[in-house]
Amino acid sequence: MPVSHQGNAVTNAVTIVSESVCEQVMGRQDAFTAIENVFAAMAKKDACNFPVVREAIGHADAIYGFKSGFDREGKVLGLKSGGYWPGNTRLNLTNHQSTIVLFDPDTGRLKSLVGGNYLTALRTAASSAVSIAHLARKDSKVLGMVGAGHQSTFQLRAALEQRNFEKVVAWNLHPESLPVLAAVCEALSVPFEAVNRKALCAQSDVIITITSAFEALLDSDWVKPGTHIACMGTDTPGKQEVDPRLFARAKVFTDEVVQSITLGEAQHAMAGGIIKETDIVPIGDVINNARPGRTNDEDITLFDGTGVGLQDLAVASVAAELAVSENLALVLDL
Ligand code: NAD
């Protein structure tokens, strides 16, 4: 099978972009722009996500699935396939594994295979960052982090770029993990403090929750007026991070309403009759100036970031373009 690097003429070329090349070529700003654009396209119905498949495969305790979609505006078609393999830590591998497959929307031909692990963290952080950029108060000074797992440092770095934060406060169920967040703050010269959950809410202007919790970690009464909260951890039925009563106080935004009410943080407020589907605004409508976001400094804004396949396709497509242009992609003639 002929193998060449970009620059040699190949027919039926498939671009392969490894995890390490993704890390080399794709940064937070590229991800932010890709995610903002795809949320805008989704709200205009120029891009749509197809039904998600997610199954326990009865082997290695793994959950496997795929998320697919088509962005007509960006001409990006494909899927992210992968899932969760809890035994991977023993093998020195991340538990979450994913690969993104892109197709030519004009012909259906396979175009690219792109490593999806780094890009998943990057696009998830870009999602909450987009929500902060569009919904948080401009004068936000304190960022509260709930969670200190794999995603958290990506979230923290992307969030810190959105406002002039003067301090980060953080809580994690396992406090021994908090130094990963403290290290990012130290590197960026932002003061860091480990606090309890009530104190975190009392101090924070912006809160990000990024945990695997199955119960409310933050009480509605603790959250002060004016807060923007990005709930990023709940992406499965049954998971939960905040008190559903917060939805009655907040203006609620999401990446995709269907996911928000079924597997996102809003599932519990919906089940409790606290909100209706029509109360939830796609953030793309705010980006497109079709609907208002925050209207005053007292609003609590809540972004339910559930994670959609189109986000993965958007960042993978940019990563593949950058890898080709920087001569770092492997190109196979299949
Ligand atoms: P991780 O396993 O590395 O970290 C899990 C975090 O959750 C840790 O901070 C841990 O202390 C905390 N935690 C676990 N159980 C808890 C509990 N019962 N109560 C409170 N905290 C608890 O996982 P990660 O890769 O950092 O992902 C975090 C969450 O984000 C997961 O639920 C994952 O499914 C979700 N996620 C969402 C998106 C999205 O697009 N919204 C994308 C990727 C991951």
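In this chain, numbering begins with 1 at the start of the sequence shown. One-based numbering, in listed order, for ligands and for the atoms of each.
Of the listed residues (Asp255, Leu173, Thr153), the one carrying the non-hydrogen atom nearest atom 22 (C) of ligand 1 is Leu173.
Listed by atom number, the atoms of ligand 1 under 4.0 Å from His174 heavy atoms are 10 (C), 11 (O). Atoms of ligand 1 found under 4.0 Å from any heavy atom of Ile210 (numbered from 1 in listed order, with element): 28 (C), 30 (O). Ligand 1 places these atoms under 4.0 Å from at least one heavy atom of Asn172: 8 (C), 9 (O), 10 (C), 11 (O). Near Ala148, meaning under 4.0 Å from one of its heavy atoms, ligand 1 places the atoms 9 (O). Within the listing of ligand 1, atoms 19 (N), 20 (C) sit less than 4.0 angstrom from a heavy atom of Leu217.
Checking each of Lys198, Arg245, Lys224, Arg197 against Asp219 for a salt bridge (Lys or Arg N to Asp or Glu O under 4.0 Å) leaves exactly one that passes, namely Arg245. Of the listed residues (Asp299, Asp304, Asp279), just one forms a salt bridge (Lys or Arg N to Asp or Glu O under 4.0 Å) with Lys251, and that residue is Asp299.
Summarising the geometry, atom CG belonging to Leu143 is positioned 6.5 Å from atom CD1 belonging to Ile132; distances are rounded to the nearest 0.5 Å.
Taking a 4.0 Å cut-off on heavy atoms, Glu215 registers as neighbouring ligand 1. For Ser177, the heavy-atom gap to ligand 1 stays at 4.0 angstrom or more.
A donor-acceptor contact shorter than 3.5 Å is absent between the side chain of Glu73 and the backbone of Val38.
Classification of the Phe303-Phe39 ring pair by plane angle, with boundaries at 30° and 60°, yields tilted.
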